[in-house]
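Heads up, the thing below is written out as structure tokens.
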Amino acid sequence: LAHLAEKPWLKLTDAASYNVYLIHPLFIFIVDSIMNRLGLVSITLRLGVRFVLVYALSIGLCVLWEYVKKRAKTKTDAV
């Protein structure tokens, strides 16, 4: 398992995990609001849409944020 800890994508995901924890309730609220406006009433469909969108947005954006932060830090350290 130690070799997995050295993978760059896993390090980014680890760094983003707290941000995912913080931001996912906001995405749940936003996705629920959109589904309400669209008139989506099926509980099963709502759960599936919520699960996919909330975690895709949360994890995707937080990992991207960590990547951008890391890149900006390496560029400022190089100067």
Side-chain angles (χ1 to χ4, degrees):
L1 287 177
H3 69 283
L4 284 177
E6 299 303 317
K7 302 284 185 191
W9 62 270
L10 198 54
K11 286 182 179 182
L12 285 175
T13 305
D14 179 49
S17 65
Y18 184 65
N19 290 334
V20 170
Y21 166 74
L22 293 176
I23 200 72
H24 86 275
L26 176 63
F27 288 133
I28 290 172
F29 176 77
I30 291 169
V31 168
D32 279 350
S33 295
I34 292 169
M35 286 189 295
N36 288 338
R37 284 190 206 138
L38 294 174
L40 194 60
V41 294
S42 168
I43 294 173
T44 307
L45 185 57
R46 285 178 69 99
L47 180 64
V49 168
R50 186 183 301 122
F51 181 80
V52 170
L53 288 179
V54 167
Y55 286 101
L57 287 170
S58 298
I59 295 169
L61 290 176
C62 290
V63 168
L64 178 64
W65 171 252
E66 290 299 324
Y67 175 76
V68 169
K69 274 189 356 185
K70 182 180 175 185
R71 293 282 299 208
K73 185 176 178 351
T74 57
K75 287 189 183 220
T76 57
D77 289 347
V79 173

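The figures that follow rest on heavy atoms only: side chains count, while hydrogens, waters and symmetry mates do not.
A chain of hydrophobic side-chain contacts below 4.5 Å, direct or via other Ile, Leu, Val, Met, Phe, Trp or Tyr residues, connects Leu53 to Leu26. A continuous path of Ile, Leu, Val, Met, Phe, Trp and Tyr side chains, each step under 4.5 Å between heavy atoms, connects Phe27 with Leu38, placing both in one hydrophobic cluster.
Residues satisfying the side-chain contact (heavy atoms from CB on, under 4.5 Å) criterion with Asp14, sequence neighbours excluded, are Ser17. With sequence neighbours left out, the side-chain contact (heavy atoms from CB on, under 4.5 Å) criterion links Ile28 to His24, Asp32, Arg50, Val54. By the side-chain contact (heavy atoms from CB on, under 4.5 Å) test, Ser42 pairs with Thr44, Leu45, sequence neighbours left out. Not counting sequence neighbours, the partners of Lys69 by the salt bridge (charged side-chain N to carboxylate O under 4.0 Å, His left out) test are Glu66. With sequence neighbours excluded, the residues that form a side-chain contact (heavy atoms from CB on, under 4.5 Å) with Val63 are Leu12, Thr13, Ala16, Ile59.
Remark: Leu61 CG to Asn19 CG distance equals 11.0 Å, nearest 0.5 Å.
Other members of the hydrophobic cluster containing Tyr18, listed by chain and number, are Tyr21, Leu22; membership follows side-chain contacts under 4.5 Å among ILVMFWY residues, whether direct or relayed.
Applying the ring-ring contact (aromatic ring centres under 6.0 Å, His included) definition to pairs two or more places apart or across chains, those involving residues 46-72 are Phe51-Tyr55.
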